Amino acid sequence: MHDKSPMPASAVSPTSDGNAVVTTAWPETTGAQALMQALIAEGVTTFFGYPGGAIMPIYDALFDFGDELQHVLVRHEQGAIHAAQGFARASGKTGVVFATSGPGATNLVTGLADALIDSTPLVCITGQVFAHLLGTDAFQETDVINITMPVTKWNCQVTDASELPEAIAKAFYIAASGRPGPVLVDITKNAQLQLFRCPPYQPCTYIRSYRPKPIVRESYIAEAAALINQAEKPFILFGQGVLLGNAEAEFRAFVEKSGIPAAWTLLGLSALPTDHPLNVGMLGMHGNYGPNVLTNSCDVLIAVGMRFDDRVTGRLDKYARQAKVIHLDIDPAEIDKNVKATVPVWGDCKETLPLLTKAIKQKTHPEWLELFRHHTREELETVIEPEMNPMDGPITMAEVIQILNELTQGDAVIVTDVGQHQMVASRYTAFKQTRSNITSGGLGTMGFALPAAIGAKFGAPHRTVVCIAGDGGFQMTLQELGVIQQSGLEVKILVLNNRFLGMVRQWQELFNDRRYSSVDIISPDFPLLASAYGIPGSCVEQREHLHDALVTMMETPGAYLLEVKTGKENNVFPMVPQGCSVSEIRLK
Amino acid sequence: MKKEYTITVYTENQVGLLTRLAILFSRRKINIDSLNTSPSEVPGIHRFTIVINESEDTVRKLARQMEKQVEVLRAFYNAGDEIVWQELALYKVPTDEIAEKVQVERLLREFGARAVVIRKDYTVFETTGHREETDRLIRVLEPYGLIEFVRSARVAIIKASKGFHEQLTDFQQVNSRQSTVDSQ
Ligand SMILES: Cc1cc2nc3c(=O)[nH]c(=O)nc-3n(C[C@H](O)[C@H](O)[C@H](O)COP(=O)(O)OP(=O)(O)OC[C@H]3O[C@@H](n4cnc5c(N)ncnc54)[C@H](O)[C@@H]3O)c2cc1C
Ligand SMILES: Cc1ncc(C[n+]2csc(CCOP(=O)(O)OP(=O)(O)O)c2C)c(N)n1
């Protein structure tokens, strides 16, 4: 064992008045040891990574910190970063990733892009070649800083150990503050090895040029409240900002006092319980009927922590043109980006929502709410009921989710991949708790679910975690089953197998005259594959066995893989076809 | 409607920041007409001057996205009538041609130019001004065998600006460090 905290020696250090005095000096450590101490000081306990040449000194230092720091060895660096994303989203903490230089670092790029667009706080540490070799095409050298610049909130390279503590402190501060995002610190090997006198760790709380939150303007709150108070058909759209701001309670209070129907984006899901009387459902391309159609009838649109993604708005020039728009967002660059705000309420919604709640009148909007219910009934009849309770034919994805709801009672963390199953799971899962829906929204990264579910389980160890993936996406990162095997992790895996790249097939059916080009996909025997990793599993194709199969999955201790063979050519409806207005939503 | 805007960005002096800013333009496939980096009126604070031809809406969004970068303090954008600006141009011409055929004195006066170097084989003229002015001198010199021409990036002063000193003080005050971003 190395000695982690060598005896302090005497040294000269400057004081604030500039006079040098002899003090007990800071202990001498390597850059790599300083990194470990910084991680501990930042409260990191679990992180994800993969070793290699350029990061070996860091892994060597890690060897001595096994008691404090749990490193999860993944099977591919993309798995590490998605796991860190799942960890962050389930726990609300910053996810941490280690990767080596060159291919290790480039394998992180997809996850960085995903975390940037979905505002997930991450600190990624990459090893880099010796500083004197930079720019020489050294072995496993890539220009990680420039490659990752467009996909990080901030990044920096450390070439001298003495810069390391400050860089790490800044990294954690930037990742988690304001609108969160991924940051990357690239550390050259010499800096990892270098001995230096390491000052006590100072967390960063201020960077001169960085304003994580705009100041809340009282005048905008007053203007927004006035609009809300006189509105007859107000409508709330809520997004991930509510979760990111830990403002679920504040949001609920706002909704309840205002009595305004509220609909969620894919990433706002679970911020308000599904069965809340004012929760009117999902927005956007595969969202619910009422929220989409009535967007074009409301008089005041109140957007809380959502960024009017094009999957939400459909055709912008036909989106809520009649409405006055109040936009609550922490990021001034989001205001007026896609939809022009009548009143921009900049700020953290954790602060702005209570101010707004105070300023508005207690109200109800029974007739307006009834209009949503009316649309819900129509959707229930034409779409939901036949999906949830089909009389015959192959199993539908919706009925799987319905049984899952019954078994989890809305308390599980649901981690979905990308495709039809993702839309169906979001539409039909009933949530009681916040931070329960983890999915790749903005980037739509297939292969996200399995590693993210692994991370979510580490981030919320006492909760049930269910990974729901399609047969296509599951095969993009299935190597991470090895992590489940190695750490004995209890992750339930549900593969909804339609023997197609379903979402693309649906588009080809609807928009390309059923020209099924390269969407027919053969899969391995999934339960057999799981068993190769020591994970029990089964496959179900008959409706009469579905319920029991799901019960077995949930009740078997530890991990379990259940493959459900669902209808090959089932489609997800409703749907706002691309390029159409939200009110042109199709029910079939 | 597209028109010419000059964007002035106050930043920390940081390696790599230029790339971060450039990415914001290139990802929207916007051509940067001119880009200058220089110190500013405040010691330690850097100043980028960027000229693009775009709609105001796009320019406003770009300015906000620039201000989002950790090391950027502020980004202002201005139309041509809101700034005083200059570009510097250098022209290299064969000395014998120019001495024989042109009334150099008159030319220099007319264009506010001066000769920076006069050698037997070539002469280098310099002038500063707006683009049309520096362009015009190219056309005048071309018939005499213009050997080289180069023009610098635009530098611009914002007419209405009171300088960045006060704003920086604002930034440094702990309780207003969350000061609002209001580009207009
Ligand atoms: C196949 C597929 C289909 C999809 N279909 C749909 C669909 O039908 N409907 C749908 O909604 N989405 C859909 N999406 C997802 C969509 O692409 C976007 O990811 C999603 O709409 C973004 O949701 P958001 O704006 O709530 O979250 P984000 O993109 O995370 O944006 C959050 C916003 O909140 C702000 N914010 C952050 N913190 C705070 C704070 N503390 N206070 C205030 N504001 C804050 C941020 O600045 C940002 O503007 C689909 C994705 C895929 C892959
Ligand atoms: C990495 C990646 N590649 C391609 C796509 C495009 N894409 C979106 S959905 C989809 C089909 C997904 O098929 P599957 O995983 O079987 O899920 P299903 O839609 O059938 O539920 C594809 C190919 C993507 N989102 N991500």
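A quick note: this is a predicted structure, and the numbers were derived from the prediction, not measured. Below, all heavy atoms of this structure are taken into account, side chains as well, without hydrogens, waters or symmetry copies. Each chain gets a letter, A, B and so on, in the order the sequences are listed, and its residues count up from 1.
- Side-chain N or O atoms of Arg211(A) include one that pairs as donor or acceptor with a backbone N or O of Leu73(B) at under 3.5 Å.
- The shortest side-chain heavy-atom distance between Lys120(B) and Thr95(B) does not fall under the 4.5 Å cut-off.
- Residue contact with chain B, scored on non-hydrogen atoms closer than 4.5 Å, involves the backbone and the side chain of Asn155(A) alike.
- Side-chain contact of Thr188(A) with Asn190(A): a donor-acceptor pair under 3.5 Å is present, judged by distance alone.
- Inspection of the Arg179(A) and Ser119(A) side chains reveals an N or O donor paired with an N or O acceptor under 3.5 Å.
- Contacts between residues 2-28 of chain B and chain A, defined by a heavy-atom separation under 4.5 Å, are made by Glu12(B), Gly16(B), Thr19(B), Arg20(B), Ile23(B).
- Side-chain contact between Tyr210(A) and Trp154(A) is absent, with no heavy-atom pair separated by less than 4.5 Å.
- For Leu168(B), the part lying under 4.5 angstrom from a heavy atom of chain A is the side chain only.
- Comparing Ile145(A), Ile335(A), Thr152(A) by heavy-atom pairs within less than 4.5 Å of chain B, the highest count is held by Thr152(A).
- Between His130(B) and Gln86(B) the shortest side-chain heavy-atom distance falls below 4.5 Å.
- Contact check for Thr134(B) versus Tyr91(B): side-chain heavy atoms found under the 4.5 Å cut-off.
- The part of Val72(B) that comes within reach of chain A is its backbone (N, CA, C, O), which places non-hydrogen atoms under 4.5 angstrom from that chain.
- Judged purely by atom type and a 3.5 angstrom limit, Glu141(A) uses its side chain to pair as donor or acceptor with the backbone of Asp137(A).
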